[in-house]
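When reading the values below, keep in mind they use all heavy atoms of this one structure, side chains included, and skip hydrogens, waters and symmetry mates. Proteins come first, then strands; the chains are lettered A, B, ... in the order of their sequence lines, and each starts at number 1. Here the structure is a predicted model, which is why all the values come from computation and not from measurement.
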Number of protein chains: 2
Amino acid sequence: MEDNKEQVEIKNKDLDEETLFVVSQTFKALGDPTRIRILNLLFHNEFSVNGIAETLHLRQSTVSHQLRFLKNLRLVKYRREGTTLYYSHDDEHVMNMLRQTIEHACHI
Amino acid sequence: MEDNKEQVEIKNKDLDEETLFVVSQTFKALGDPTRIRILNLLFHNEFSVNGIAETLHLRQSTVSHQLRFLKNLRLVKYRREGTTLYYSHDDEHVMNMLRQTIEHACHI
DNA sequence: CCATTATATGTATATATTAGTATATACTCA
DNA sequence: TGAGTATATACTAATATATACATATAATGG
């Protein structure tokens, strides 16, 4: 108990390298308009790579690059169907943050 | 009612330029380790610019640069006392997101 | 196996970001 | 008013990022 409390306080004083990296990477993922548009598209439905590209008027390679970024952070996952990969979101916490911030920005 | 619902649906389909900018800027603010450390320091107390610099072992100009960034987004505010400026956080929503994500990353 | 389609990757490049040095500004007090 | 202190800003170099084009890989149907 005591130890745990102290741990938290130490962490509040200065964050360790790894936490800092994970947290900043997570937010960085949401810090780009293209990635936000992709995640926003994946709110309710899954989409293929080309589906995303066509819907958002982006190049296939752009989408693929960004999906790799998001996949590395486990913010999206995919399932294969033949040659097509269907991507969907994979982190409720991050998606909730995104939704809240979008709503906040929209003054809804 | 009907209209409002439809509005939301349209926004979910593709976000307007301004929302996209605001949201991405907000997350970008949290997407840098130095800014995270500064905001984390300001969780409970206010700090002067030099106070932040000394505590986090950063240059004064680095801190000042980042504080300007955070101030532009209204994530921090300051009060003056003589020549000293005391900075504190100024956005509960963003600070909550930061805290939650740090805790999430720490596995607390 | 070959052609076709969907996706991923390598590489180049333009742009953005970070943080350093030096300097300017703002305030206080003697 | 001038020295001293706290902070902000200009300018710059190093680095990171985003995305375009070209190409590679993977799966499928014939």
Side-chain angles (χ1 to χ4, degrees), chain A residues 15 17 20-42 45-88 90, chain B residues 15 17 20-42 45-88 90:
Chain A
L15 303 166
E17 199 72 24
L20 219 44
F21 181 76
V22 172
V23 173
S24 64
Q25 281 297 108
T26 303
F27 284 117
K28 206 169 281 184
L30 302 173
D32 175 74
T34 300
R35 285 192 293 269
I36 291 176
R37 292 177 73 210
I38 292 174
L39 287 174
N40 183 60
L41 191 66
L42 300 180
N45 307 305
E46 61 178 13
F47 275 81
S48 69
V49 177
N50 275 334
I52 295 170
E54 284 161 24
T55 306
L56 301 182
H57 306 289
L58 296 168
R59 311 279 170 148
Q60 178 267 325
S61 83
T62 298
V63 174
S64 196
H65 278 301
Q66 299 294 15
L67 285 174
R68 179 167 58 170
F69 187 111
L70 296 171
K71 190 153 47 73
N72 286 340
L73 284 163
R74 298 177 193 283
L75 302 188
V76 299
K77 62 182 190 293
Y78 65 85
R79 69 178 179 88
R80 176 181 289 276
E81 198 167 290
T83 57
T84 303
L85 304 185
Y86 290 97
Y87 278 82
S88 54
D90 196 28
Chain B
L15 303 167
E17 198 74 25
L20 219 45
F21 181 75
V22 172
V23 174
S24 64
Q25 281 297 110
T26 302
F27 284 117
K28 205 169 282 184
L30 301 173
D32 174 75
T34 301
R35 286 192 291 271
I36 291 176
R37 293 177 73 210
I38 291 174
L39 288 173
N40 182 59
L41 192 64
L42 299 181
N45 307 305
E46 61 179 13
F47 274 82
S48 69
V49 177
N50 274 334
I52 295 170
E54 283 162 23
T55 307
L56 301 182
H57 305 290
L58 297 168
R59 310 279 171 148
Q60 178 267 323
S61 84
T62 298
V63 174
S64 197
H65 276 138
Q66 301 295 15
L67 285 174
R68 177 166 63 171
F69 187 112
L70 295 170
K71 189 152 49 76
N72 286 341
L73 284 164
R74 299 177 192 282
L75 302 188
V76 299
K77 61 180 190 297
Y78 64 86
R79 69 179 179 85
R80 177 181 286 279
E81 200 168 289
T83 57
T84 303
L85 305 185
Y86 290 97
Y87 279 82
S88 54
D90 196 27

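- Counting to the nearest Å, the P atom of C:dA16 and the CG atom of A:D32 are 12 Å from each other.
- Residue ring and nucleobase are not stacked for B:H65 and C:dT18 under a centre distance beneath 5.5 angstrom and an angle between planes beneath 30°.
- A:T62 has a side-chain polar atom (N or O) that falls below the 4.0 Å cut-off from OP1 or OP2 of D:dA20.
- B:Q66 places its CD atom 14 Å from the P atom of D:dT9, with the value rounded to the nearest Å.
- Within the structure, every side-chain polar atom (N or O) of A:T83 is placed at least 4.0 Å from both OP1 and OP2 of D:dA27.
- A heavy-atom distance below 4.5 Å is not found between the side chains of A:I52 and A:Q66.
- In this structure, B:S61 does not reach the D:dT9 phosphate: none of its side-chain N or O atoms is under 4.0 Å from OP1 or OP2.
- As judged by a 4.0 angstrom heavy-atom cut-off over every strand, A:T84 is placed among residues touching the sugar-phosphate backbone only.
- Contact annotation: A:R35 side-chain N/O to D:dA18 OP1/OP2 distance is under 4.0 Å.
- Residues A:R37 and A:L58 approach most closely at NH1-CD2, 4.1 Å, considering heavy atoms.
- B:R80 places a side-chain N or O within donor-acceptor distance of the main-chain N or O of B:G82, the cut-off being under 3.5 Å.
- D:dA18 atom P lies 15 Å from atom CZ of A:R37, rounded to whole Å.
- Residue contacts shown for A:Y87 are limited to sugar-phosphate atoms, with no base heavy atom under 4.0 Å away.
- Put simply, A:R59 has a side-chain N or O that comes within less than 4.0 Å of OP1 or OP2 on D:dC21.
- Between the CG atom of A:L58 and the P atom of D:dT19 there is a distance of 8 Å, given to the nearest Å.
- Contact annotation: B:R68 does not reach the phosphate of D:dA8 (side-chain N/O to OP1 or OP2, under 4.0 Å).
- Between A:E81 and B:K71, the residue anchored nearer the 5' end of DNA chain D, judged by the nucleotide with its closest heavy atom, is B:K71.
- Minimum heavy-atom separation, A:A29 to A:R35: O-NE, 3.0 Å.
- Counting all heavy atoms, side chain and backbone alike, B:L42 lies closest to B:Y87 at CD2-O, 3.5 Å.
- When rounded to the nearest whole Å, the span between CZ of A:R80 and P of C:dA8 equals 8 Å.
- A:E46 approaches A:S88 most closely through the heavy-atom pair CB-CB, 4.0 Å.
- If A:G82 and A:K28 are placed on DNA chain D by their nearest nucleotide, the residue sitting closer to the 5' end is A:K28.
- Here the C1' atom of nucleotide D:dA27 and the OH atom of A:Y86 are 14 Å apart, to the nearest Å.
- Taking atom CD1 of residue B:I38 and atom P of nucleotide C:dT18, one finds them 11 Å apart after rounding to whole Å.
- A straight line from CZ of A:F47 to C1' of C:dT7 spans 17 Å, rounded to a whole angstrom.
- Residue B:Q60 is classed as a base contact, given a heavy-atom separation below 4.0 Å to a base.
- Regarding contacts with the backbone of C:dT5, every side-chain N or O of A:N50 stays at 4.0 angstrom or more from both OP1 and OP2.
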